[in-house]
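Scroll down for the structure; my scribbles are underneath it.
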Amino acid sequence: MKYINLHTHIFSDRADILEIVNQYPQDFDAAIPHYSIGIHPWYIVENRVDEDLAIIESKLELENCLAIGECGLDKRVEIPFDLQINVFERQLILAEEYKKPVIIHCVAAFQEVIEIKKRLEINVPMIIHGFSKNIETAQQLLNNGFYLSFGKYLLRNPELEAVFIKIPETRFFLETDTIEEGIREVYQLAAKYKNIELEAMQNQVQHNFESIFTINS
């Protein structure tokens, strides 16, 4: 059974891992078998947004493109927040049009992300990657239909165990993002926290993945 890595910037090309590799429009690598593609709020170039969105839209038609992202909002960077919102909303509209899930980067802007989802009436699955917050924030996101993906902070912050064990089995994913540890280590800790066998964790994440992603290989 494969491990599923919901979000990574490092393509491992291992047969036992299905990984959604993060891609940017200007650095697209067609050799990567499964990927997401999006405009990260850190890397918005205002006079290139239309060009980047056109590239993204061209990839959304391909089977290997599993999601839009990572995209989102980040109040701790210098990119103007109004510009971030505009670029995020335009990507969500594309996601809705092409029926692709969205992998979201969110820093200090959860209320805004929830509001945008409601206002734009986004129905495709939306996944907050790298979740690291408290159970109250988690519950609010879950109540509004979001999924949560855990990785780096699950490994780095033992206090996150109390949050992770309360996440419903059908609403989480696991990832490595940019960390050096492999996805198996994330799975092992997640299984320990949920008090289940590693194989059961693999089965659960596989079920969650198949419930929202379309893949033909």
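All heavy atoms count here, side chains included; hydrogens, waters and symmetry mates do not. We count residues from 1, following the sequence as given.
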What one should report as the nearest heavy-atom pair of Leu160 and Leu154 is CD2-N, 3.7 Å

Within the 4.5 Å heavy-atom criterion, are Ile85 and Leu83 side-chain neighbours or not? no

Would Lys166 and Glu161 pass as an ion pair if we require N to O under 4.0 Å? no

Should Ser36 and Leu66 count as side-chain neighbours, where that means a heavy-atom distance under 4.5 Å? no

Tell me whether Lys192 at atom NZ has more than 12 heavy atoms from other residues, nucleotides or ligands lying less than 6.0 Å away. no

Is any side-chain heavy atom of Cys71 closer than 4.5 Å to one of Ile39? no

Quick one: does NZ or CZ of Lys194 land under 6.0 Å from the six-membered ring centre of Phe164, within 45 degrees of the ring axis? yes

From Leu174 atom CG to Gln202 atom CD, the distance as rounded to the nearest 0.5 Å: 10.5 Å

Taking only Lys NZ, Arg NE, NH1 and NH2, and the carboxylate oxygens of Asp or Glu, determine whether Asp16 and Arg14 approach each other closer than 4.0 Å. yes

When rounded to the nearest 0.5 Å, the distance separating CD of Glu70 from CG of Asn22 is 5.0 Å

Ile179 versus Val186, closest heavy-atom pair with distance: CD1-CG2, 4.4 Å

Rounded to the nearest 0.5 Å, the CD1 atom of Ile68 sits from the NZ atom of Lys100 at a distance of 9.0 Å

Close side-chain approach of Glu181 and Leu155, heavy atoms under 4.5 Å: yes

Does the gap between the ring centers of Phe131 and Phe172 come in under 6.0 Å? no

Any side-chain donor paired with an acceptor under 3.5 Å for Tyr98 and Glu57? yes

Candidate pair Asp74 and Trp42, rule side-chain contact (heavy atoms from CB on, under 4.5 Å), full reasoning: CA-CA 8 Å; Asp74 191 327; Trp42 294 359; 2.7 Å; yes

Taking C-beta and beyond as the side chain, do Pro41 and Ile79 meet within less than 4.5 Å on heavy atoms? no

What's the spacing between Met126 CE and Ile116 CD1 if we round to 0.5 Å? 8.0 Å

Would you say Glu19's side chain and Ser12's backbone share a donor-acceptor pair under 3.5 angstrom? yes

The test is side-chain contact (heavy atoms from CB on, under 4.5 Å); show your working for Lys75 and Glu112 and say whether it passes. CA-CA 11 Å; Lys75 288 186 176 179; Glu112 288 85 351; 2.5 Å; yes

Is Val87 reachable from Val45 through a run of hydrophobic residues whose side-chain heavy atoms are each under 4.5 Å from the next? no

Name the orientation class of the two ring planes belonging to Tyr24 and Tyr43 (parallel below 30°, tilted from 30 to 60°, perpendicular beyond 60°). perpendicular

Hey, what do you get for OG1 (Thr176) to CD (Glu180), rounding to the nearest 0.5 Å? 11.5 Å

Does CG belonging to Asn143 count more than 12 external heavy atoms closer than 6.0 Å? yes

Spatial distance of atom CZ (Phe28) from atom NZ (Lys59) [nearest 0.5 Å]: 4.5 Å

Looking only at heavy atoms, which two atoms of Tyr193 and Pro158 are closest? And how far apart? OH-CA, 4.2 Å

Does a donor on one side chain and an acceptor on the other come within less than 3.5 Å for Asn208 and Gln204? yes

With side-chain contact (heavy atoms from CB on, under 4.5 Å) as the criterion, how do Leu142 and Gln139 come out once you've worked through the C-alpha distance, each side chain's angles and the decisive distance to 0.1 Å? CA-CA 5 Å; Leu142 294 168; Gln139 195 60 59; 4.2 Å; yes

Common cluster, Ile114/Leu73, ILVMFWY with side-chain heavy-atom separation under 4.5 Å: yes

Where do Val102 and Ala95 come nearest, in terms of heavy atoms and distance? CG2-CB, 3.5 Å

Can you tell me if Glu199 and Asn203 form a side-chain donor-acceptor pair at under 3.5 Å? no

Consider only side-chain heavy atoms of I, L, V, M, F, W and Y, link residues closer than 4.5 Å, and tell whether Ile10 and Leu6 are in one cluster. no

Should the pair His105 and His40 be assigned to parallel (<30°), tilted (30 to 60°) or perpendicular (>60°) ring geometry? tilted

Does the Arg76 side chain pair with the main chain of Ala108, one donor and one acceptor, at a distance under 3.5 Å? no

Would you say the side chains of Asp177 and His7 form a donor-acceptor pair under 3.5 Å? yes

Begin from the C-alpha positions of Asn5 and Leu18 and carry the test side-chain contact (heavy atoms from CB on, under 4.5 Å) through to its verdict. CA-CA 6 Å; Asn5 190 343; Leu18 191 160; over 6 Å; no

Is the closest basic N to carboxylate O distance between Arg90 and Asp52 below 4.0 Å? no

Which atom names give the shortest non-hydrogen contact between Phe213 and Ala67, and what distance separates them? CE2-CB, 4.0 Å

Contact check, side chains of Ile104 and His129, non-hydrogen atoms, under 4.5 Å: no

Counting N and O atoms only, with roles assigned by atom type, does the side chain of Glu51 sit under 3.5 Å from a partner on the main chain of Arg48, one being a donor and the other an acceptor? no

Linking I/L/V/M/F/W/Y whenever any side-chain heavy atoms sit under 4.5 Å apart, do Phe150 and Ile165 land together? yes

Please report the C-alpha distance between Asn144 and Gln140 in whole Å, then the side-chain angles of each, then the deciding distance to 0.1 Å, and finally whether the side-chain hydrogen bond (donor to acceptor under 3.5 Å, both in side chains) criterion is met. CA-CA 6 Å; Asn144 282 281; Gln140 187 176 22; over 6 Å; no

For a 4.5 angstrom cut-off between non-hydrogen side-chain atoms, does Ile44 reach Val49? yes

Where do Val124 and Glu96 come nearest, in terms of heavy atoms and distance? N-OE1, 3.3 Å

Kindly check if the number of other-residue, nucleotide or ligand heavy atoms within 6.0 Å of OH (Tyr153) is above 12? no

Is a donor on one side and an acceptor on the other found under 3.5 Å between the side chain of Gln188 and the backbone of Leu198? no

Tested for ring-ring contact (aromatic ring centres under 6.0 Å, His included) against Tyr3, the lone hit among Phe209, Tyr187, Phe173 is Tyr187

Examine Val107 and Phe146 and state if one hydrophobic cluster contains both, with Ile, Leu, Val, Met, Phe, Trp and Tyr joined whenever side-chain heavy atoms are less than 4.5 Å apart. no

Examine the side chains of Glu175 and Ser149 and answer whether a donor and an acceptor come within less than 3.5 Å of each other. yes

Check the surroundings of atom CD in Glu97: do more than 12 heavy atoms from other residues, nucleotides or ligands lie under 6.0 Å from it? yes

